[in-house]
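Comments concern the structure below.
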Protein chains: 2
Amino acid sequence: MESIDRARIKQHARILKAVASEPRLVIVDRLNRGECCVCDIAELIGADQSTASRHLAILRDGGIVDAERRGNHVYYRLTAPCVLGFLECAARVLEERGRGSDDEA
Amino acid sequence: MESIDRARIKQHARILKAVASEPRLVIVDRLNRGECCVCDIAELIGADQSTASRHLAILRDGGIVDAERRGNHVYYRLTAPCVLGFLECAARVLEERGRGSDDEA
DNA sequence: TGAGTATATGCATATATGGCCAAATATGCA
DNA sequence: TGCATATTTGGCCATATATGCATATACTCA
């Protein structure tokens with residue numbers, strides 16, 4: 001288990017940041033069950049379509065999803081399903097913590 | 001594979017945000033090789049001691065590390081080693097992407 | 001108690017992020 | 001071409017995050 005190169009850290013941070021956002025976690029969770037278009041995502045996260053588009057762009061730049069245009073829709077799908085492991089880890093952390101105190105809200 | 005509860009999403013996002021930061025990734029990587037005190041972390045990340053303390057507090061609030069005072073040092077250690085999986089996932093994403101184009105810098 | 005060291009916290013400032021609206025692009029279809 | 005629909009991008013504002021300095025707090029030791 002070597003120390004990680006600082007240049008890599010920067011890239012890794014960008015990828016993690018792409019996922020570390022409430023709306024983007026919702027998007028990842030949704031895309032895990034199949035591709036969908038920007039308008040679906042907008043409705044899903046209850047935001048403007050432009051906002052949905054930007055979130056998807058961030059995920060795309062992070063390499064988490066990719067996009068394919070078909071007709072005048074653009075369909076996004078999950079390309080890095082390993083990010084789902086983040087959620088499992090988060091769940092484990094919460095469980096651990098549940099035995100302490102903390103804001104569950 | 002059920003959809004995730006929106007209330008959980010919020011908690012998960014907080015945990016992921018705790019790790020999604022360059023200096024905090026460096027810290028996690030370091031703590032993975034053993035506990036250390038705030039002053040060591042400050043030097044490690046090349047920041048003010050107060051900044052190191054705050055980063056550690058964020059990780060602690062996220063349930064990623066915990067702290068123990070011994071004498072007048074406070075030692076932090078990793079309590080959620082599953083976050084190391086984030087790094088593996090990120091590395092995989094970068095590898096995938098390396099075959100495309102992108103800013104490697 | 002008082003001096004010295006290690007951490008944590010309040011405050012101010014700089015930067016980043018998230019969101020909407022409006023306008024620009026990209027397609028499809030008549 | 002011209003109009004309608006879907007997506008992306010620019011501009012702007014509000015809020016959140018990061019950081020350092022100064023200061024408060026915690027602890028050790030004499």
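Lettering of chains follows the sequences in order, A, B, ..., and the numbering in each one begins at 1.
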Indicate yes or no: at least one non-hydrogen side-chain atom of [X] is less than 4.5 angstrom from one of [Y].
X	Y	answer
B/V65	B/E35	no
B/H12	B/I9	no
A/I45	A/R30	no

Gap between atoms [atom1] and [atom2], on [X] and [N] respectively (whole Å):
X	N	atom1	atom2	answer
A/E22	D/dT15	CD	P	16 Å
A/D40	D/dT5	CG	P	17 Å
A/D61	D/dT8	CG	P	11 Å
A/D48	D/dC12	CG	C1'	14 Å
A/E43	D/dT5	CD	C1'	16 Å

### Query
5'-most contact on DNA chain D: A/H73 or A/A57, nearest heavy atom basis?
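The residue mapped nearer the 5' terminus is A/H73.
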Open item on the list: Under a 3.5 Å distance rule, please check whether B/R8 uses its side chain to pair with a backbone N or O of A/A91 as donor and acceptor.
Closed with: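 Answer holds: no.
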ask   = Taking B/R14 for the side chain and B/K10 for the main chain, is one N or O donor matched with an acceptor at less than 3.5 Å?
value =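 Absent.
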**Request:** Take the C1' atoms of the five end pairs on each side of the helix from C/dT1-D/dA30 to C/dA30-D/dT1, derive the two axes, and give their angle rounded to 10 degrees.
**Result:**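 Nearest ten degrees gives 30° for this helix.
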**Item:** Within residues 49-56 of chain B: residues closer than 4.0 Å to DNA chain D (heavy atoms)
**Value:**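 Listed by number, they are B/S50, B/T51, B/R54, B/H55.
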Exercise. Do B/I58 and B/V19 belong to the same hydrophobic cluster, where Ile, Leu, Val, Met, Phe, Trp and Tyr are linked whenever their side-chain heavy atoms lie under 4.5 Å apart, directly or via other members?
Worked result: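 Each belongs to a different hydrophobic cluster.
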*asked:* Need one value for B/Y76: base, sugar-phosphate or nothing, where a base atom within 4.0 Å counts as base even if backbone is also close, heavy atoms only.
replied: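 Sugar-phosphate contact only.
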With sugar-phosphate meaning primed atoms plus P, OP1 and OP2, does A/R70 contact a base, only sugar-phosphate, or nothing at under 4.0 Å between heavy atoms?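 It contacts nothing in the nucleic acid.
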* Asked: Taking only residues at least two apart or on different chains, which pairs with a member in residues 34-76 of chain A satisfy disulfide (SG to SG under 2.5 Å)?
  ->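 Qualifying pairs, neighbours excluded: none.
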Quick one: which residue pairs count as a disulfide (SG to SG under 2.5 Å) with a foot in residues 54-95 of chain A, not counting sequence neighbours?
->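 Every pair satisfying disulfide (SG to SG under 2.5 Å) with a residue in residues 54-95 of chain A: A/C82-B/C89, A/C89-B/C82.
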Item to complete: Go through DNA chain C in 5' to 3' direction and return only the first and the last nucleotide with some atom under 4.0 Å of chain B's heavy atoms.
Response: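 With heavy atoms of chain B under 4.0 Å away, the range is C/dG4 to C/dC11.
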Q.
Please enumerate all residues that pass side chain to side chain contact (heavy atoms under 4.5 Å, CB included) together with B/S21, with sequence neighbours excluded.
A.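 Applying side chain to side chain contact (heavy atoms under 4.5 Å, CB included) to B/S21 gives B/P23, B/R24, B/H55.
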Using the six-membered ring of A/Y76, assess whether NZ or CZ of A/R60 lies under 6.0 Å from its centre and within 45 degrees of the ring axis.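 Checked: cation-pi criterion not met.
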- Starting at the 5' end of DNA chain C, which residue's closest nucleotide do you reach first, A/A47 or A/R69?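 The residue mapped nearer the 5' terminus is A/A47.
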Out of A/L59, A/L78, A/I64, which one pairs with A/I27 under the side chain to side chain contact (heavy atoms under 4.5 Å, CB included) rule?
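It is A/L59, the one option of A/L59, A/L78, A/I64 that forms the side chain to side chain contact (heavy atoms under 4.5 Å, CB included) with A/I27.
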